[in-house]
Amino acid sequence: MSKIIQKVKGTRDFYPEEMAQRQWLISKLRVASEAFGYRQYDGPCLEQIELYAAKSGEELVKEQAFVFDDRGGDPITLRPELTPTISRMVASQQNQLTFPLRWWSFGPFWRYERPQKGRTREFFQWNIDQIGSDSVLADAELLAVAARFFREVGLSSDLVQLRVNDRELMDAELMNLGLDEVQKTAILRLIDRLDKLPIDVWEKMVLEAGLTETQLRGLQGLLENKLLWKNSPRLVQLFDILEDLGESAYVSYDPRIIRGLDYYTGVVFEAHDTKGEFRAILGGGHYADLVADVGGKPTPGVGFAMGDVVIMLILEKYGLLPSRDMDPQALFMTIFDETTQAASLALAAELRQAGFKVLMSEIDRLGKQFRYADRIGMRRVLVLGPSEIEKGLVVVKDLKSGEQVEVERQQLISMLSA
RNA sequence: GUGCCUGUAGCUCAAUGGCAGAGUGCUUCACUGUGGCUGAAGAUGUUGUGGGUUCGACCCCCAUCAGGCACCCCA
């Protein structure tokens, strides 16, 4: 055999077992999204680089996007995120759409990064947004969607938490400390990096940003103040609403959530595993204007994105992924020998007609056929040999329990359906 | 893009410059109408790839590819 060509760095193969898990994940986030009335949409995976022009100074596009020329020489980008796409979609039909929009999406994205655990170059992402609403109800709703998703996959609030903050609150608090605009920007960035740096290094960098010792102490006080949210009317309302929605267990306040320096303006949030073992599961927040970069009427909204990689690692760690076995309802139809093949084929066809999934075997020793059925994770095996045909019976064996019963051919379908 | 660690059978890993191994999985048989358990036998490698040092390299050196960790950034 010739050498197997490697897959592209940072990509993954999805064998049937993994594909089944991906479909399962999609089914769960679909349930969470649709429970709140969100509708699925998608855009192209290929976009013109101009779509990202407004952000072209940012690292995401400049350093991390896959860009190549098409045959006509025009630069094409593999989408690294969905926001510019949805912005275009909203802006170009702004007068026909009824706001607020509740939209969700799941699809592939590409970023040219160094792969490591929880981060690949090709990944899938759940995006969900409520667009055209500036209400704190909308912010709370998105958090409730995320909480519903976690409950749906079996992650309790002991294992994952949605950590929330308010950019306006932080802005005001930093202003109170006497920071100017430049300092505020630098400090917001440093708050984001607090966990990554040794404390003495971090303090040094804060002072280098121009803060006094007093301001540093004040800043540290802010970051340890778990009750700081009480200074934000919006957060007070938010937590009230989440209480009413029955989701407050999943949500907590964290003054250290900043979410970089992107377009978020109000409430921001991230979900993490409570042990802090993994990267952020999802991140999002409130933005003042989705379509600012592409023209159109200012459109606020709130949304979040969740990658498939980290959530699957966490679900795997806690044993919450579904069984990789075949569908337990599927049937394995053995063929005893040449003389009974026709009867087995006919029975299989009849069962498929009745809605069952039926796999057929090759003619071989029954032991081999059972062994194969067992290896591929089949639960139920049917035997239709000469003696069964003679008596009008079918043998049904449950491979998990080892129990085996003889069933009247006429009763087979009702017995299997039970 | 920066720094560091790792790469040996399908999988998990041994072998510290001197004959490439184990467990598990796989194939066959015991078992010609029944998988799992047990027992026996068997197959499997350009030691990621390409160079170099050496009488001799899985082992040391260089490059390269891939994975992982910390940055950067972020899902």
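Each chain gets a letter, A, B and so on, in the order the sequences are listed, and its residues count up from 1.
Considering only the side chain of Lys196(A), C74(B) comes nearest among C74(B), G33(B), A75(B).
Here the separation of A14(B) from G51(B), taken at their P atoms, is 28 Å to the nearest Å. U47(B) and C13(B) have their C1' atoms separated by 13 Å, with the value rounded to a whole Å. Taking atom C1' on both A57(B) and C62(B), the two are 15 Å apart, rounded to the nearest angstrom. The separation of G17(B) from C58(B), taken at their P atoms, amounts to 12 Å, rounded to a whole angstrom. For the P atoms, the distance from G23(B) to G56(B) is 34 Å, rounded to whole Å. Atom name P, nucleotides U8(B) and G50(B): the rounded distance is 15 Å, in whole Å.
Two residues, Leu282(A) and Pro386(A), neighbour RNA chain B, and the one matched to the more 5' nucleotide by heavy-atom proximity is Pro386(A).
A cation-pi geometry, defined here as NZ or CZ lying under 6.0 Å from the six-membered ring centre and within 45° of its normal, does not hold between Arg163(A) and Phe269(A). Cation-pi contact between Arg22(A) and Phe124(A): present, with separation from the ring centre below 6.0 Å and deviation from the ring axis of at most 45°. By the 6.0 Å and 45° rule, Arg30(A) does not stack over the aromatic ring of Phe106(A). Under the 6.0 Å distance and 45° angle rule, Arg167(A) does not count as a cation-pi partner of Tyr264(A).
Within residues 336-350 of chain A, the residues that place at least one heavy atom under 4.0 Å from RNA chain B are, in residue-number order, Phe336(A). For the contact set between residues 18-26 of chain A and RNA chain B, defined by any heavy atom under 4.0 Å, there are no members.
Atom CZ of Arg279(A) and atom P of A75(B) are 11 Å apart (whole Å). Between Glu406(A) atom CD and G33(B) atom C1' there is a gap of 12 Å when expressed in whole angstrom units. Atom CE in Met205(A) sits roughly 13 Å away from atom P in C71(B) (whole-Å rounding). The distance from atom CG of Asp192(A) to atom C1' of C74(B) is 10 Å, rounded to the nearest whole Å. Note: CG (Asp13(A)) to P (G67(B)) measures 12 Å, nearest angstrom. In this structure, the CG atom of Leu29(A) is 16 Å from the P atom of A75(B), given to the nearest Å. Between Leu197(A) atom CG and C72(B) atom P the separation is 7 Å, expressed in whole Å. In this entry the distance linking CD of Glu122(A) with C1' of A75(B) reads 14 Å, nearest Å.
Proximity of the aromatic rings of Tyr38(A) and Trp103(A) is defined here by a centroid distance below 6.0 angstrom, and this criterion is not met.
Looking at heavy-atom distances under 4.0 Å, Ser387(A) makes contact with a base. Within 4.0 Å (heavy atoms only), Ser361(A) reaches no atom of the nucleic acid at all. Contacts of Arg379(A) with the nucleic acid, taken as non-hydrogen atoms under 4.0 Å apart, are absent. Gly284(A) comes within contact range of no nucleotide atom at all, as no heavy-atom separation falls under 4.0 Å. At a threshold of 4.0 angstrom between heavy atoms, the contacts of Ile281(A) are confined to the sugar-phosphate backbone, with no base atom among them. Across all strands shown, Ala373(A) has no heavy atoms under 4.0 Å from either base or sugar-phosphate atoms. As judged by a 4.0 angstrom heavy-atom cut-off over every strand, Val383(A) is placed among the base-contacting residues.
Evaluation of the salt bridge (charged side-chain N to carboxylate O under 4.0 Å, His left out) rule for Lys317(A) yields Glu277(A) as partners, not counting sequence neighbours. In this view, Arg151(A) and Glu247(A) satisfy the salt bridge (charged side-chain N to carboxylate O under 4.0 Å, His left out) rule, not counting sequence neighbours.
The shortest side-chain heavy-atom distance between Leu155(A) and Ile314(A) falls under the 4.5 Å cut-off. For the pair Val310(A) and Phe123(A), the minimum side-chain heavy-atom distance is 4.5 Å or more. The closest side-chain heavy-atom distance from Trp110(A) to Gln64(A) is not below 4.5 Å. Taking 4.5 Å as the limit, some side-chain heavy atom of Phe36(A) sits within range of a side-chain heavy atom of Glu141(A).
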List the atom pairs, donor and acceptor, that lie under 3.5 Å between side-chain atoms in residues 357-364 of chain A and the rest of the protein, sequence neighbours left out.
{"residue": "Lys357(A)", "atom": "NZ", "partner": "Asp327(A)", "partner atom": "OD2", "Å": "2.8"}
{"residue": "Ser361(A)", "atom": "OG", "partner": "Gln369(A)", "partner atom": "OE1", "Å": "3.0"}

Using distance only, find each side-chain donor-acceptor pair of residues 402-418 of chain A under 3.5 Å and give its atom names and separation, not counting sequence neighbours.
{"residue": "Arg409(A)", "atom": "NH2", "partner": "Glu350(A)", "partner atom": "OE1", "Å": "2.6"}
{"residue": "Ser414(A)", "atom": "OG", "partner": "Gln411(A)", "partner atom": "O", "Å": "3.0"}
{"residue": "Ser417(A)", "atom": "OG", "partner": "Ile413(A)", "partner atom": "O", "Å": "2.6"}

Can you give the donor-acceptor pairs under 3.5 Å from side chains of residues 386-398 of chain A to other protein atoms, not counting sequence neighbours?
{"residue": "Glu388(A)", "atom": "OE1", "partner": "Gly385(A)", "partner atom": "N", "Å": "2.8"}
{"residue": "Asp398(A)", "atom": "OD1", "partner": "Arg379(A)", "partner atom": "NE", "Å": "3.2"}
{"residue": "Asp398(A)", "atom": "OD1", "partner": "Lys400(A)", "partner atom": "N", "Å": "2.8"}
{"residue": "Asp398(A)", "atom": "OD1", "partner": "Ser401(A)", "partner atom": "N", "Å": "3.1"}
{"residue": "Asp398(A)", "atom": "OD2", "partner": "Arg379(A)", "partner atom": "NE", "Å": "3.4"}
{"residue": "Asp398(A)", "atom": "OD2", "partner": "Arg379(A)", "partner atom": "NH2", "Å": "3.4"}

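The shortest distance between the side-chain N/O atoms of Arg259(A) and the OP1/OP2 oxygens of A75(B) is below 4.0 Å. OP1 or OP2 of A66(B) lies within a sub-4.0 Å distance of a side-chain N or O belonging to Lys9(A).
On a pure distance criterion of 3.5 Å, no polar donor-acceptor pair joins the side chain of Gln369(A) and the base of U34(B).
Under the 3.5 Å distance criterion, the side-chain polar atoms of Arg12(A) are matched with a main-chain donor or acceptor of Glu122(A). Checked by atom type and distance alone, the side chain of Gln125(A) never pairs as donor or acceptor with a backbone atom of Pro80(A) at under 3.5 Å.
Residue Leu219(A) holds its CG atom at 10.0 Å from CD of Glu203(A), rounded to the nearest 0.5 Å.
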Reading nucleotides 35-46 of chain B 5' to 3', which nucleotides get B (base under 4.0 Å from a protein heavy atom), which S (sugar-phosphate only), which -? BB----------
Letter per nucleotide, 5' to 3', of nucleotides 1-6 of chain B [B base touched, S only sugar-phosphate touched, - untouched; heavy atoms, 4.0 Å]: BBBB--
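Within the structure, ring-ring contact (aromatic ring centres under 6.0 Å, His included) contacts touching residues 131-163 of chain A (residues at least two apart or in different chains) are Trp126(A)-Phe149(A).
Between Glu113(A) and Arg121(A) there is no salt bridge, since no side-chain nitrogen of the basic residue lies less than 4.0 Å from a carboxylate oxygen of the acidic one. A salt bridge links Asp139(A) and Arg234(A); the closest N-O separation between the charged side-chain nitrogens and carboxylate oxygens is under 4.0 Å.
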Tabulate protein N/O versus nucleotide N/O from nucleotides 9-11 of chain B, keeping only pairs under 3.5 Å, one per line.
none

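In secondary-structure terms, RNA chain B builds stems of at least 3 consecutive Watson-Crick or G-U pairs, each pair having both distances under 3.5 Å, at B:1-7 with B:65-71, B:10-13 with B:21-24, B:26-30 with B:38-42, B:48-52 with B:60-64.
Scanning both residues, Asp42(A) and Met89(A), for their nearest heavy atoms gives O-CE, 3.8 Å.
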